Each structure stands twice: as C-alpha cells, then as structure tokens.
Amino acid sequence: MSVRVRFAPSPTGALHIGGVRTALYNYLFARQQGGKFLLRIEDTDQNRFVPGAEDYIIESLKWVGLIPDEGVGFGGDYGPYRQSDRKAIYQKYALDLVERGHAYYAFDTPEDLEALRQKEANFTYNQFTRSSLVNSLTLSESELRARLEAGTPYVVRLKVEPDVEIRIRDLIRGEVVFHSSEVDDKVLLKADGMPTYHLANIIDDHLMEITHVIRGEEWLPSTAHHVLLYQGFGWADTMPQFAHLPLILKPVGNGKLSKRDGAKFGMPVFPLDWVGATEEDRFPGFREAGFLPQAVVNFLALLGWHPGGDQELFSIEELISAFSIEHISKSGARFDFEKAKWFNQKYIQASAPEYLAGLIKPLAETKGYSVSAAFLLQVVALMKERVTFLPDFIEQGYYLFERVREYDTETVQKKWTANTAVLFSDMMRFLEQIEPFEATNLEASVKQFVQEQGVKPGDVLPLLRIALAGTMKGPAVFDMAVALGREETLARLQLFVNTFNR
RNA sequence: GGUCCGUUCGUCUAGGGGUUAGGACACGUCCCUUUCACGGAUGAAACACGGGUUCGAUUCCCGUACGGACUACCA
C-alpha cells in the first residue's frame, strides 16, 4: 500500500511555525516513500473561523515549497478536502456508529454540563456518569423518538466500553497504553450538525486512505479516542500508524512557543506576515523578515529531528533521502532564533547572485531606488558575505544606493591631519585620470600614490572608506569605488573634504 | 488534581553498557584582513537525582525531582 499522509490545519488564524514543521515532516516522509502529501482544511469550528486563514496556509506552504499533491486548492480524487464541505458525510457515519452501538445521542445542553462542572470540578461525561445524564442510553425508546421528532438539539457521543486497554504503537514513542476508564465519552457530532475534530479526522483519514498520521504531541492523549473510533467503525485493520511530534518550546522560560513570543523576543514565529483585523492580531513573518525559504526549511527540519552525523546543511533533496520518523526526538525543542539566523546567512552565501538580485530588487524599489540588474549584481557581490537577512543588502549597504547620510566623525577626527585636504585634492586629480578604473589597479595605484606623498596607507585608506560609505564597516574600499563609478567616487570625496575641511 | 509524554554542553543535537561523550549555534582567544564580515584555528561548556541490574552504567529497569501536553458541543 502506498504512503499517503496529510497536513490538516484549521483556519483559525496564521499558521504557526510549528505547523509548518509538521507539514514539512509529512512532506519529507511522503516524498521519500514515493507517497502522496495532502492538505486538508479542518474548519469544523464555525465560531473560530477566520477569513483569509485558508489562503494564508496555502501561500505559506507554497512559499516554503511544500506543495501538496492533493487538497484544497490542489485538486485530487479524494475530495472535497475542506471539512465544512463534507458535513453530510460525517452525519451519516455518526448515525451509523450509533446503530453499531458505539455511540449514542445526548441531550444535555452545554448549560447543563456547565452547571455540573460548577458543582463538581472534575466532572466528566463518561462511562460512569452517563447513566445519570440525559441520553439515548437512559431514555426510553418512546422518549427518545419523541425528542428526535420534536427536533430537540442533540450531540452524538462516543460510547466508551468499560475495562478495556487501548494500546497505541507510536512510531516515535513506542507503545503507549490507556485504560478505557480514563477515556471520556467525547462529543463526536455537535448540536450544529458539524463533527468534532475527533470524528472528522477518523472518517477523513479512512476515506482518504491515509497511512500515517504525523501530528503534534498535543494529540497523543486523544489518540485513545481515535483508536476506539477506528475499532467502532470496523476499520481497525486499516488504521493509520501514528507519530506524535515533540513540541516547539519558547526560546527562554517555560512552555510551548506562542504567537506572543514573536513580539517578546523580536523575531517572527509565523512563515508570512499576518495582518488580522485588529492591531494586536498582526504578526511578522519569516518571509518578510528576509529569510530564504530554503533556510527556514533546513532550520525547521533540524528542530526535533536529526539523521545522525555532523551535517548541518541539507538541501531539500538531502532531507528527503535522509528523513526517518525513527530519528525524530521525543523531547520538545527550544526555538533558537540565533540558529535560524545562521542558517539564513549560510543560505544567502550559497545562493546564486542572480537569485539574490531578483529577491532584493523589490526591496530596493520600495526604498525608492531605481537601479539596473547589473548594479544589483554588484551590490550582491559586495554584501553577500556580510548580511544575515535580505533587507540587509539595502539597509546595511544603503550607501551603495545613495550618498552617505552620516559620517563616522570619531574616526575622521582621529585620522584627519593638516594636510589631509590637500592630499585628497591631489588624490582626486589622480583618480580622475587613472585607467582602468578597476579594483586591483585602483588599489595598487592608490597605495603607490599615497606612499609617494609620504603618507602611510593606514592613515588615508580609512578616510577614503568613510568618504565613500560613512562607516568603517563594509566591503573593500576599491570594490566600492568601482561599483560607485569614477564620477560618484570623486563627488563623494569632494563632499567629504567640504564637510571636514574647516 | 487525574492521565499521558519527556529529561546529554546556555541552545539544537550525535552517541550508546567499557568513548579523551562528537558536531553545530551562541560566547572567549588567536590567525587572515590597514575596515566590517567571510574563512581558519583554538578554548570554556553536558549525560537531572537516587536506587537497582551488571565486572562495569550516561546508555537497561524502578523511583524521585523537574518540564510539557491533554483533561470543551476548540482544533
């Protein structure tokens, strides 16, 4: 049987970076096994539905390159892939389960249950309490029929049999055992006719012939219910295998990574910018922060998984061939933004100049710079080894696009002497006619010129650098001069002399 | 509270009954470089604790502690 896995987020807002990792692991597994990777939208909670979230999820997956083989927006033979479009299917199966004796109607209202919880803090609807509640197990047949015919709202609940051991073989954690006395009678079908996650995911996974369920650790406790459902439907022999992923934890402190941590630690925790309706519902994304999707993938892949060995940088092809569920860690992994930055830097260094130039072009344009592709290529060559994020090309290297905004006056004062102005004027005349205006020639000639003037290069070159860039940081001076061109270089030298020669 | 899951340098992790416990990020020092980075070298830094099992446990078992998830007509 060929592998089929799914990523099944619910459209309640921006897709958390942990969700991206779950999608990635599913994707890697599917690709490696020659199987299919599907996207299913779990929108059975009408109250939590957020417009735009579905598009956001799809765009996120596309950005990181995890293209589903089937799913909402991707076609496929097992649709519909949006659960709200499958409502009738769940109702049919829920009633089927009632007939099989593995589920029952319950008429207790949310208010009834809330009142019970008030009275008894740990109240649970289960095999011990259901006999004293209002459901098809306690109602007579005629009472039941009367309520159903009157259209009384009801839910369908799982009927958990007493004294049964539920064994789960988790691919990551080994065998996990639950006793049915600890398993409650979960709601399967809600009063609005929609299924809960538990029902919908079992029916869909069965109908969509899912072979492996790779999902977050938060689902481990409810897997007992899921196993019972497979058995109740008579699908035990085709039940998928489970793999419960460790959580992604906060960078510091306790608990899992939350969307608030982004603002708190000044880093994105979402793949793309999310712009919600309110000011508080806005979050930055990795893409807009200037990450390369390949770097995000590499970073995420290694956050909770490692194939063994010392390799850190993996192409997507390498990830696919090296991936194995058995090598996924059991414990939660802290989100280390410093490591994410390192990956990005590495991927920028390794990227083709043309690719980078294409990515920074729109960034330059929003800053109001209109530059040629050739010039962008020069910027990339100059800045590639010293940036972490894509916008750094423009922001750190702004002086390649416009004139110096601010000089490092401290260094200027340290190096400026009585004859600096004269020296610079002579150097400008020298630069005016030097041929070719090219880095190695410039370097050799200018150094020689400076020496002939009886000055040490160390006294002049820093000033030359500041004249062109304003700062002591940055690319090699003569490379910058070439990128700027002869005319602009001379103009900046003149400007520099004018500024400091008082 | 109950159930379940987990615990190797600060962080991500490799490893696995006998190892100088390996790599990477971050950090320190040095080299390269008349800048900054890149690169190279190097240093500091870990098996939560207590019992077993064993000739020998960081590795296997059991506890304890700590951390986490779940405990909705949310997913």
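Below, all heavy atoms of this structure are taken into account, side chains as well, without hydrogens, waters or symmetry copies. Nothing here was measured: the structure is a model prediction, and the numbers come from that model. In the text below, chain A, chain B and the rest are named by the order of the sequence lines, each starting its count at 1.
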When rounded to the nearest Å, what value does the distance between P atoms of B:U20 and B:C12 take?
27 Å
Over all strands shown, is A:P462 touching base, sugar-phosphate only, or nothing at heavy-atom distances under 4.0 angstrom?
nothing
Under 3.5 Å on both distances, the Watson-Crick or G-U partner of B:U54
none
Measure from the ring center of A:F335 to the ring center of A:F299 and say whether it is less than 6.0 Å.
yes
State whether the side chain of A:K415 and the backbone N or O of A:G458 hold a donor-acceptor pair below 3.5 Å, judged by distance alone.
yes
is_close_aromatic(A:F291, A:F389), centroid dist under 6.0 Å
yes
When you measure from the side-chain N and O atoms of A:K384 to the phosphate of B:A37, is any distance below 4.0 Å, counting only OP1 and OP2?
no
Contact under 4.0 Å: A:K190 side-chain N or O vs B:A75 OP1/OP2:
yes
Taking B:A14 as the reference, what is the distance to B:U59 when you measure between their C1' atoms (whole Å, please)?
13 Å
Taking N and O atoms by type only, does the side chain of A:R386 place a donor or acceptor under 3.5 Å from a partner on the base of B:C38?
no
Look at the side chain of A:K339 against the base of B:A24 and say whether a donor-acceptor pair falls under 3.5 Å; ignore hydrogens and angles.
yes
Side chain of A:W342 - closest among B:A24, B:C38, B:G68
B:A24
Does B:G39 have OP1 or OP2 under 4.0 Å away from a side-chain N or O of A:K346?
yes
Pick base, sugar-phosphate or nothing for A:N126, based on heavy-atom distances below 4.0 Å to the nucleic acid.
nothing
Taking atom C1' in both B:U3 and B:C61, compute the distance separating them and give it to the nearest angstrom.
22 Å
So does A:R48 get a side-chain nitrogen or oxygen closer than 4.0 Å to the phosphate oxygens (OP1/OP2) of B:A75?
no
Looking just at side-chain N and O atoms, do A:D45 and A:Y197 make a donor-acceptor pair shorter than 3.5 Å?
no
Tell me the partner of B:U19, counting only Watson-Crick (N1-N3 plus N6-O4 or O6-N4) or G-U wobble (N1-O2 and O6-N3) with both under 3.5 Å; none if nothing fits.
none
In Watson-Crick or G-U wobble terms, with both distances under 3.5 Å, the base opposite B:A65 is B:U7
Quiz question: going by heavy-atom distance under 3.5 Å, is there a donor-acceptor pair between the base of B:C5 and the side chain of A:R173?
no
Applying a 4.0 Å non-hydrogen cut-off, can you work out what A:E312 is touching in the nucleic acid: base, sugar-phosphate, or nothing?
base
Proximity to the side chain of A:D45 - top-ranked nucleotide from B:U11, B:A75, B:G39
B:A75
Mate of B:C36 across any strand shown (Watson-Crick or G-U wobble, both atom pairs under 3.5 Å) is none
Using distance alone, with no hydrogens and no angle criterion, decide if A:H327 and A:S324 have a side-chain donor and acceptor under 3.5 Å apart.
yes
Should the ring pair A:F283 and A:F270 be called parallel, tilted or perpendicular, given that the plane angle runs from 0 to 90° and is split at 30 and 60?
tilted
For B:A75 and A:T44 - does any side-chain N or O of the residue sit under 4.0 Å from the phosphate oxygens OP1/OP2?
yes
Using only heavy-atom distances, decide whether a donor-acceptor pair under 3.5 angstrom links the side-chain of A:R465 to the base of B:U35.
yes
Using heavy-atom distances to pick each residue's nearest nucleotide on RNA chain B, tell me which of A:P251 and A:S10 is more 5'.
A:P251
Starting at CG of A:D479 and ending at P of B:C36, how long is that distance when rounded to a whole Å?
16 Å
When you measure from the side-chain N and O atoms of A:Q311 to the phosphate of B:G23, is any distance below 4.0 Å, counting only OP1 and OP2?
no
If you find the nucleotide of RNA chain B closest to A:I172 and the one closest to A:K447, which residue's nucleotide is nearer the 5' end?
A:I172
What contact category does A:G308 fall into here, base, sugar-phosphate, or nothing, at under 4.0 angstrom with non-hydrogen atoms?
sugar-phosphate
Given that both distances must come in under 3.5 Å, which nucleotide forms a Watson-Crick or G-U wobble pair with B:A45?
none
How would you label the contact of A:R117 with the nucleic acid (heavy atoms, under 4.0 Å): base, sugar-phosphate, or nothing?
sugar-phosphate
Determine the Euclidean distance between corresponding C1' atoms of B:G10 and B:A44; express it in Å to zero decimal places.
12 Å
B:C12 phosphate, OP1 or OP2, under 4.0 Å from A:S329 side-chain N/O
no
